[in-house]
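A short worksheet on the structure shown next.
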Amino acid sequence: MPELPEVEVVKRSLEKKIINLIIKKVKINDGNLRYKVNVKEISKLIGIKIKKIKRKSKFLIFEFDKNFFMLVHFGMTGKFFYVDENNIRFKTSFYYSLKKEKYEKHNRVIFILQKNQKLIFHDIRKFGFIKIYQSNDYNDILHLRNLGPEPLGKNWSYQYLKNYIFGRNRNIKDILMDQKCVSGLGNIYVNEILYLSGVKPKRKVSRLKNFEIKKIVKNTKIVLLNAIKQGGSSIKDFSSDDGKQGVFQQYFKVYGRVGEKCSNVDCNTNITRTIISNRASFFCKSCQK
DNA sequence: AGGCATGTTACAGG
DNA sequence: ACCTGTAACATGCC
């Protein structure tokens, strides 16, 4: 599911429901995720309270008492379901219309909370992971240590990007996808950002003009904020914890739109699809330089 | 049957 | 040690 907007949507939804609840039990149906779920570590969460949920780039961090925290990454198809007996919204969602066995098949880890509420980690492709730590310093964590600035924070700025690309010779798409440069973007949003900025994905960063660097930074923030507002993008897999899907995909200008007419009214070119670094890239040959 | 998919990282080579 | 590009991971859908 998961670029920054989708993770943020899940975070906002979950924190309304599970803060201050105690974990009663953890059931592992299939712990062979990206990293094998450590049964002993995850069992330490039993009996303690979820204090806070944070998002860092595409990661969710669940904070508990005693400095325990749980780091979650959704990979490509990971998601949470929150259910209790009265969860009308989930029962009217797309997932509930599927055969029960079908969506339950990929329930990998189930956290049973107070009053029989459940938080279910569901992941078809198993590229996601759950790890438990006990620390008060996120810089101890390999996955968080090398992350670049949050794209919605003030450290993601024209001056920062200009400095970052100095002396580098990669294309702008790869740079924006690189979590060490800026953390939280993925293939969908990078395609959209570059279209809005009028820059071809293959452009070498050494050849970017200052005004283009400025546009890229600004459009990053615009695209992400709009996507969050729309509940994220649901291509096929994403839904929030209540099964609700986002609608931002309706507003995609280029992603998945190969062969469709460029949305710029003055342009008659069709959107091109090409592969860059093993990932599909979409752009307008005329509007992006 | 084969190609494709919202992500990360181990590895090889410069 | 840093920079870059490629392949692999697991599963389902067209």
Side-chain angles (χ1 to χ4, degrees), chain A residues 1-10 29-37 55-60 71-80 94-95 98-99 101-108 121-131 141-148 151 164-193 201-202 204-206 223-224 227-228 230-240 245-252 254-258 273-282:
Chain A
M1 55 155 128
E3 296 181 43
L4 184 150
E6 290 75 35
V7 181
E8 179 66 22
V9 166
V10 173
N29 290 344
D30 181 354
N32 295 309
L33 305 179
R34 162 123 212 183
Y35 307 108
K36 196 165 174 64
V37 175
R55 180 193 57 73
K56 269 194 178 297
S57 121
K58 305 175 192 175
F59 295 89
L60 279 185
L71 184 68
V72 177
H73 195 285
F74 293 126
M76 293 279 244
T77 54
K79 67 181 64 179
F80 275 119
F94 161 73
Y95 289 94
L98 298 176
K99 279 225 170 75
E101 311 83 61
K102 179 140 179 158
Y103 73 85
E104 286 190 348
K105 183 176 176 190
H106 308 291
N107 288 351
R108 309 299 184 187
F121 184 76
H122 179 281
D123 189 356
I124 297 172
R125 289 170 71 183
K126 303 199 285 187
F127 286 176
F129 67 82
I130 298 175
K131 281 189 177 182
I141 309 312
L142 168 82
H143 304 283
L144 305 177
R145 198 182 305 156
N146 296 316
L147 293 176
Y164 188 88
I165 64 184
F166 181 79
R168 294 183 197 260
N169 194 32
R170 300 166 74 190
N171 66 60
I172 182 62
K173 181 165 188 253
D174 285 345
I175 289 276
L176 293 176
M177 299 271 288
D178 190 335
Q179 305 298 301
K180 290 195 284 297
C181 171
V182 56
S183 65
L185 306 182
N187 201 32
I188 292 178
Y189 294 108
V190 167
N191 275 293
E192 296 299 309
I193 290 161
K202 269 207 167 134
K204 293 286 181 189
V205 290
S206 56
V223 169
L224 296 183
I228 293 169
Q230 299 299 332
S233 305
S234 295
I235 305 299
K236 42 184 158 195
D237 286 303
F238 174 69
S239 74
S240 190
Q245 297 181 298
V247 296
F248 189 71
Q249 67 278 12
Q250 295 169 24
Y251 303 93
F252 288 169
V254 286
Y255 184 84
R257 298 209 184 279
V258 58
R273 178 184 183 278
T274 181
I275 300 291
I276 300 173
S277 301
N278 279 323
R279 310 304 300 274
S281 305
F282 302 88

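Convention: sequence-line order gives letters A, B, ...; per-chain numbering from 1. None of these values were measured; they are calculated from a predicted model. Side chains are part of it too, since the values below use all heavy atoms of this structure and drop only hydrogens, waters and symmetry mates.
- Between A:Lys126 and C:dC9, a side-chain N or O to OP1/OP2 separation shorter than 4.0 Å is absent.
- Under 4.0 angstrom from either OP1 or OP2 of B:dT6 there lies at least one side-chain N or O belonging to A:Arg279.
- Within the structure, every side-chain polar atom (N or O) of A:Tyr189 is placed at least 4.0 Å from both OP1 and OP2 of B:dT6.
- B:dT6 atom C1' lies 4 Å from atom CD1 of A:Ile188, rounded to whole Å.
- Taking 4.0 angstrom as the limit, A:His143 places a side-chain polar atom (N or O) nearer than this to OP1 or OP2 of B:dT9.
- Of the inter-residue distances, the one linking A:Ser240 atom OG with A:Phe80 atom CZ reads 11.0 Å to the nearest 0.5 angstrom.
- Put simply, A:Gln179 has no side-chain N or O that comes within less than 4.0 Å of OP1 or OP2 on B:dG7.
- Note on A:Lys105: every side-chain N or O is 4.0 Å or more away from OP1 and OP2 of C:dT11.
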- Dot-bracket, DNA chain C: Watson-Crick or G-U, under 3.5 angstrom, [ ] crossing, | other strand? .||||||||.||||
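- OP1 or OP2 of B:dT8 has at least one side-chain nitrogen or oxygen of A:His73 nearer than 4.0 Å.
- A stacked arrangement is assigned to A:Phe127 and the six-membered base ring of B:dG7, with a centre-to-centre distance below 5.5 Å and an interplanar angle below 30°.
- Protein atom CG of A:Asn278 is 7 Å distant from nucleotide atom C1' of C:dA7, rounded to whole Å.
- For the pair A:Lys180 and C:dC3, the criterion of a side-chain N or O lying under 4.0 Å from OP1 or OP2 is not met.
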